[in-house]
Amino acid sequence: MSKIRVSTTVNGDHAEFLCESTSSLLDVLRDTMGLTGSKEGCGSGDCGACTIMLDGEMVCSCLVLAPEAEGRTVATIEGVAEGSVLHPVQQKFLEHAALQCGFCTPGFIVAAKALLDRNPNPTEAEVRYWLAGNLCRCTGYDKIVRAVMAAAADLRQERTPA
Ligand code: FES
Ligand code: FES
């Protein structure tokens, strides 16, 4: 099968790759581009471990065909921190021990950041509802929700003019 050339933007950088027409974007990110932060938990859109942003919308990258990234903007967990400075969501996950094995964590962080980018002051119910598509098999959800609420508070403070 001849390969398809795809030209896209990943975490702010221009990127090109060759893929099969049936490759998932998750597979290309992980196997071709070496961006292994996004995880494959189910491969069927049920767990959220592969969550990325595509043109600013949250998607399960296991459900996106790699050629669909042509001309679009992809943001993955690898682009969330600014250099060595963690995003507040990442920092609060650490402080609140909101992870154990960490397999689900990249997906949760990308999803939580997407929520806080559009709603800086969510209620706990809104956080739980937003994260309902992300599954965690070991930490339990209370610590994760507390971490996201704490990150929201931090971000609001950062954005408040002195
Ligand atoms: S691996 Fe994509 S939703 Fe589970
Ligand atoms: S920390 Fe292990 S699955 Fe969530």
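Whatever order the structure lists ligands and atoms in, that order sets their numbers, starting from 1.
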Checklist entry - Can you name the residues that form a salt bridge (charged side-chain N to carboxylate O under 4.0 Å, His left out) with D31, not counting sequence neighbours? => result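 So D31 forms no salt bridge (charged side-chain N to carboxylate O under 4.0 Å, His left out) with any residue.
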Checklist entry - Closest heavy-atom contact between V80 and H87? => result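 Heavy-atom minimum between the residues: CG1-CB, 3.5 Å.
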Checklist entry - What is the minimum heavy-atom distance between E78 and S38, and which atoms define it? => result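 Reported closest heavy-atom pair: OE2-N, 4.4 Å.
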Atom [atom1] of [X] with >12 non-hydrogen neighbours under 6.0 angstrom:
| X | atom1 | value |
| --- | --- | --- |
| E82 | CD | no |
| R156 | CZ | yes |
| R159 | CZ | yes |

Checklist entry - Should side-chain heavy atoms under 4.5 Å link Ile, Leu, Val, Met, Phe, Trp and Tyr, which residues sit in the same cluster as I52? => result I4, V6, V10, F17, L25, V28, L29, M33, L35, L54, V59, V64, V74
Next on the checklist: Strictly distance-based, threshold 3.5 Å: is any side-chain N or O of W130 a donor or acceptor partner for the main-chain N or O of A111?
Outcome noted: yes
Next on the checklist: Donor-acceptor check, side chain of D55 to backbone of R72, threshold 3.5 angstrom: yes or no?
Outcome noted: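 Side chain of D55 to backbone of R72, a donor-acceptor pair under 3.5 Å: no, none is there.
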Item to check | Cut-off under 2.8 Å, centre atom 2 (Fe) of ligand 1, protein N/O/S atoms | outcome: C50 SG, C62 SG
Item to check | In the protein, N/O/S atoms that are found under 2.8 Å from atom 2 (Fe) of ligand 2, waters not counted | outcome: C101 SG, C138 SG
